[in-house]
Every structure is written in C-alpha cells, then in structure tokens.
Amino acid sequence: MSAPVESSVGGGSFQERWGDRLNPLVVKEVRQGLRTRIFWASFGLNLIACVVLALVAFVQTRELSFSHHGQAYFFAFFICLAVAHYFVIPYGAYRSLAREREDDTWVLLVLTGLGPRKILRGKVASALVQAGLYASAVGPFLLFSYYLNGISLPSILTVLGLGGAWLVFLTVVAVCAATLADSRMGRAFVHFVVLGALGMAFSTALGVGGALSDSGSRLLSKYGVQLATGVGLGVMLLDGWLLFEVAASRLSLSTEDYTKGPRRAVVAQMLVALLVGLGFWWYEDRKHVVTEIFSICGTVHLTFVGLFLVSDVDGQARALRPGTGPLSLFRPGALRGFRLTVLLFVAWAAVWGALALVSDDRNSNSEAMRMLMMVMPAYAVLYLSLALVLGRMPRSDRFSSPASVRLLFVAAVGVAAGLPPLLAELTGFDMGDPLLNLLNPVVGLANFGTHDYSTGEPEMTWPLATFVVGVALLVAFLADRALVEREKRAHLP
C-alpha cells in the first residue's frame with residue numbers, strides 16, 4: 001500500500017512544482033480570450049475562407065497535370081493568417097491591458113504578487129497562445145500550397161519565420177502602448193494611434209510576404225536582402241526587449257528600481273550594435289562608409305531613446321537613496337539618466353571616430369563625414385541639455401515634468417532649425433551660410449557633411465566643429481548642475 005501512496009505524492013509534487021513555474025495569468029487570459037465572440041468569429045471566418053480557397057484551388061487545378069498556382073494561393077492563405085496575426089491578436093493584447101487600467105482592476109493583479117514583468121509576460125504569452133491556434137488552423141493550408149507548385153519550401157518557411165518574429169514584436173509594442181497614457185483623452189489618442197500603426201504593420205507584412213513568396217529564392221540569395229533580414233530581426237529583438245522593459249517600468253511603483261531594466265536594455269543595444277558594426281567594418285575591408293552608417297544610425301537611435309532617459313522625474317524614493325552613488329547610473333532620476341546618455345554619446349562618437357581615422361579608404365569626402373560623425377552627437381547633447389536647462393529654470397514644477405521636457409526639446413530643435421533661415425531672409429544673407437547656421441540642427445548638419453565638388457575640400461572646418469562640441473559640453477555642464485540642484489530640493493524633507 002505504501003508504493004501507490006509514494007507515487008501519488010511524487011506526482012502531486014511534480015504538478016505543483018510545474019504549476020508554480022507557469023504564469024497563472026496565461027491560463028486566465030487564454031480562457032477569457034477563448035470565450036469571447038471576437039475570437040470565435042474571427043477564427044471561424046478565417047477557417048471558412050481557407051476552406052473555400054482550398055476548394056477553389058482543387059477545382060482550378062484538378063484538370064491540369066502540372067500547374068504553377070502555388071504562389072498565388074499561398075499569398076491568399078497568408079492574407080487570412082495576417083488579418084489575425086497582425087491586427088486581431090496585437091489589438092486584443094492592447095485592449096486586454098488597457099481594460100485592466102481603465103476598469104481599475106490592475107491593482108487586483110498587482111496584489112497577486114506577480115509583479116509588472118510577470119503580468120506583462122502573461123499578457124504577451126496568452127496572445128501568442130491564441131496566435132498559435134490561428135496558425136494551427138491556417139498552417140496546413142499554407143503547406144498545401146507547396147504541392148500546387150510555383151513556390152519553394154524555403155520561401156514558405158522564410159515568410160512564416162519572419163512573420164512569427166513580426167507577430168511577437170507587434171504584440172510587445174501593443175502591450176507597451178497600453179501603458180503610455182493615464183488620462184481619458186490620452187488613452188483615446190493612443191487607441192487611434194495603435195489602430196493606425198497596426199494597419200500599417202498589416203500592409204507591411206503583406207508587402208514583404210508577397211515579395212518573398214513571389215521571388216523568395218532569388219531574393220534570399222542576394223547579400224543585401226540577407227543583410228536587411230538580419231538587421232530587421234536584430235532590431236525587432238532588441239527594440240522589443242527595450243519596449244517590454246519600458247512598459248514594466250511604467251507599471252512599477254516609484255519605490256522600486258524601475259529604471260534599471262530600460263537603461264540596461266539601452267546599454268545592451270549600443271554594445272550589440274557596436275560589436276556588429278565592428279564585424280561589418282572588418283568584413284568590408286575597413287571602409288569608412290561602414291563607420292559613417294553605424295555612427296549616424298546609432299546617434300539617431302540614441303537621441304530618440306535619450307530623450308526619454310533624460311526626462312525622468314527628479315530625485316528618487318527614500319529607500320533607494322542609501323545605495324545610490326556617483327556611478328549608479330541605472331538608478332531612477334533625471335540626473336543619472338542624463339549622465340548615462342551623455343556617457344553613451346561620448347563613447348559612441350569616440351569609437352567610431354577612431355575607426356574612421358584608421359580606415360583604409362580615406363578621402364576628402366570622408367573628411368567631411370568624420371566632422372559630421374563628431375558634431376552629430378554634439379548637436380544631440382546640446383539640445384537635450386538645452387531642454388533640461390529650460391525646464392529646470394522656472395521655479396514651477398510644470399516645465400520639469402517628463403512630457404514638458406520632451407516638448408521643450410522639440411520646440412528648441414524647431415526654433416533652432418527655423419530661426420536662422422528667417423534671419424537670412426530678413427537680412428539678405430545666404431540661407432545656407434555656415435556661420436549663421438552653425439548651431440542649426442538641420443542645415444548645420446548638412447553643411448558639415450558636404451564638400452566642395454570643384455576643390456574636393458569640406459565645406460566646414462575642424463575649428464567650427466570643435467566650437468559646436470564645446471558649446472554642447474558647456475550646455476551639458478549647465479544641465480548637470482541644474483539637475484543636481486533640483487535633486488537636492490527634491491530630497492529635502
């Protein structure tokens with residue numbers, strides 16, 4: 001009698017152990033999603049459409065001993081799957097989390113002790129489980145198109161693989177969008193933005209899927225297409241991770257170390273981009289074009305991300321202050337976010353600037369591009385710092401909020417880009433005058449990146465580039481001091 005008891009206990013402990021590891025929110029969300037009319041209506045229509053298309057294909061090809069209709073029918077089946085995967089599933093994930101916040105049931109989820117990350121993982125995982133049900137229904141029809149000839153099996157697998165990555169990325173983006181707004185007007189605006197973005201994502205999926213299904217074998221053999229595919233997958237992976245961490249941080253309490261995840265993801269992004277860029281630079285025989293592309297793209301990305309890093313609130317919770325030191329750049333607070341952003345800009349510009357100096361194909365054009373690589377991060381630091389200085393100057397806290405700092409950055413860039421041409425029109429100067437547009441983030445960058453085609457010399461000089469860098473460092477120092485003072489005031493009892 002003892003053996004059966006022992007096996008029963010062992011089996012129960014095994015189930016309990018694995019039940020504790022599974023996210024209970026996945027089971028709840030899947031059950032709730034499968035009971036909705038939207039799921040069964042879309043699932044039923046999807047399946048009916050696939051069956052009708054299969055019958056049409058059977059009737060059309062039964063009298064032909066050899067046909068080439070596989071590509072057309074594969075794309076038709078893919079459209080049926082795309083409607084569910086790239087619109088219904090991400091939108092459902094967005095509404096699931098948005099409804100929790102609108103109905104004030106988010107507090108009940110937090111009280112379960114799962115935490116924001118586990119809750120978000122449960123939301124995403126439940127959406128992917130439902131997507132798997134759609135795929136299990138449409139998948140046999142997609143493979144059926146292979147037997148109609150006209151499309152290769154590698155093309156089918158490539159479209160499905162890229163489509164799966166695109167589905168995961170859209171789901172994470174939709175869940176992150178549900179955390180952006182707190183007011184009713186903000187949620188309505190985000191709702192319309194999500195609908196428009198999902199419509200564009202659906203069109204993009206159809207365009208890429210149609211191109212690969214039409215000439216997938218020929219396209220996939222090209223180096224440029226392989227490179228673009230790899231870059232796209234890397235961007236979806238890294239940006240999806242960053243957006244997930246941002247969503248988790250927005251749902252965390254102010255007493256938690258809510259900025260550690262997003263800032264760690266940003267640093268990891270820049271390190272991965274640096275390693276990939278170094279590999280391409282070496283593989284392409286150390287050409288300066290590689291340094292220019294990675295430097296400019298990385299600076300643009302870091303500018304957009306840095307705008308959110310530097311616009312954090314001042315100070316941090318009392319429980320986090322004892323463990324915060326000068327190098328605690330992952331801790332909450334606009335001061336540490338600003339210092340981390342400036343440090344990343346400096347490191348990024350230094351690495352790619354050094355590689356540009358040792359490139360094997362330097363010429364007059366590369367000289368202008370090296371100046372552009374140096375001043376582009378300087379412009380970003382300048383206007384990010386200027387937004388912080390303007391936001392912290394008034395005694396009122398209205399202009400120091402994250403939203404106000406971001407609006408000040410956009411306003412400062414707009415004024416700096418539009419004022420010099422206006423002055424040139426009023427005074428009779430040339431609108432592209434280098435000195436007049438020295439701090440212009442649009443015309444100034446264009447001037448630094450061009451060279452005289454008649455002489456081959458750059459339009460700008462290194463002293464002017466050094467001046468822009470000096471101004472950026474000066475304004476960054478003022479912003480750092482202003483943030484230090486604001487943090488002291490925020491920490492007063």
Side-chain angles (χ1 to χ4, degrees), residues 74-75 78 81-82 84-87 89-90 93 120-121 124-125 127-129 131-132 134-135 138-139 142 151-177 197-198 200-247 261-262 264-284 290 293-302 304-305 348:
F74 172 81
F75 187 65
F78 181 73
L81 183 63
H85 274 193
Y86 310 128
F87 193 87
I89 294 297
L120 292 177
R121 282 198 294 265
V124 174
L128 296 181
V129 169
Y134 284 100
V138 184
L142 292 171
I151 187 171
S152 63
L153 189 58
S155 298
I156 295 177
L157 297 179
T158 301
V159 172
L160 296 181
L162 293 177
W166 189 235
L167 165 67
V168 176
F169 179 71
L170 289 180
T171 305
V172 173
V173 171
V175 171
C176 180
L198 291 179
M200 295 177 60
F202 174 74
S203 302
T204 302
L206 292 185
V208 176
L212 291 177
S213 61
D214 184 27
S215 55
S217 300
R218 187 170 64 256
L219 286 177
L220 293 176
S221 62
K222 296 181 179 180
Y223 174 73
V225 177
Q226 297 174 358
L227 178 61
T229 303
V231 172
L233 290 175
V235 170
M236 284 190 286
L237 174 63
L238 294 176
D239 283 347
W241 176 30
L242 176 60
L243 290 175
F244 182 86
E245 293 293 345
V246 169
R264 184 171 52 186
V266 171
V267 174
Q269 279 186 332
M270 303 309 293
L271 288 177
V272 171
L274 179 62
L275 294 176
V276 173
L278 287 174
F280 274 108
W281 178 73
W282 187 263
Y283 179 77
E284 295 290 341
V290 177
I293 293 175
F294 275 88
S295 175
I296 293 174
C297 293
T299 302
V300 172
H301 174 76
L302 189 56
F304 179 77
V305 175
W348 188 257

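All figures in this text were calculated on a predicted structure; none of them were measured in a lab.
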Task: Val175 to Val124 - nearest heavy-atom pair and separation - done: CG2-CG2, 3.9 Å

TODO: Give a yes or no answer on whether the side chain of His85 reaches the backbone of Ala131 with a donor-acceptor pair at less than 3.5 Å.
DONE: yes

TODO: Only counting residues at least two apart or in another chain, list the ones meeting side-chain hydrogen bond (donor to acceptor under 3.5 Å, both in side chains) with Trp166.
DONE: none

Open item on the list: Suppose we screen for ring pair (Phe, Tyr, Trp, His ring centres under 6.0 Å). Which residues come up paired with Tyr283, at least two apart in sequence or across chains?
Closed with: none

Open item on the list: If you define the side chain from C-beta out and look only at heavy atoms, does anything of Leu227 sit under 4.5 Å from Phe280?
Closed with: yes

TODO: Check the pair Leu233, Leu162 against side-chain contact (heavy atoms from CB on, under 4.5 Å), reporting the backbone distance first and the verdict last.
DONE: CA-CA 8 Å; Leu233 290 175; Leu162 293 177; 3.8 Å; yes

TODO: Show your working on side-chain contact (heavy atoms from CB on, under 4.5 Å) between Phe304 and Val300 and close with a plain yes or no.
DONE: CA-CA 6 Å; Phe304 179 77; Val300 172; over 6 Å; no

- [ ] Indicate whether any N or O donor in one side chain lies under 3.5 Å from an N or O acceptor in the other, for Thr158 and Ser155.
- [x] no

- [ ] Please list, chain by chain and in numerical order, all residues satisfying side chain to side chain contact (heavy atoms under 4.5 Å, CB included) with Leu157, sequence neighbours excluded.
- [x] Leu153

TODO: Would you please name every residue forming a side chain to side chain contact (heavy atoms under 4.5 Å, CB included) with Leu274, sequence neighbours left out?
DONE: Leu278, Trp348, Val351, Trp352

Open item on the list: Could you work out, with side chain to side chain contact (heavy atoms under 4.5 Å, CB included) as the rule, every residue matching Val159, not counting sequence neighbours?
Closed with: Phe74, Phe78, Leu212

Task: Minimum heavy-atom distance Ala127-Ala93, with the two atoms named - done: CB-CB, 4.0 Å

Open item on the list: Ignoring hydrogens, what is the shortest heavy-atom contact between Ala84 and Pro90? Give both atom names and the distance.
Closed with: O-CD, 4.3 Å

TODO: Mind listing the closest non-hydrogen atom pair of Thr171 and Leu167 along with its distance?
DONE: OG1-O, 2.8 Å

Please set out all donor-acceptor pairs under 3.5 angstrom arising from side-chain atoms of residues 234-246, sequence neighbours excluded.
from	atom 1	to	atom 2	distance (Å)
Asp239	OD1	Gln269	NE2	2.7
Trp241	NE1	Glu245	OE2	3.3
Glu245	OE1	Arg117	NE	3.3
Glu245	OE1	Arg117	NH2	2.6

TODO: Check whether any side-chain heavy atom of Tyr86 lies under 4.5 Å from a side-chain heavy atom of Leu198, and answer yes or no.
DONE: no

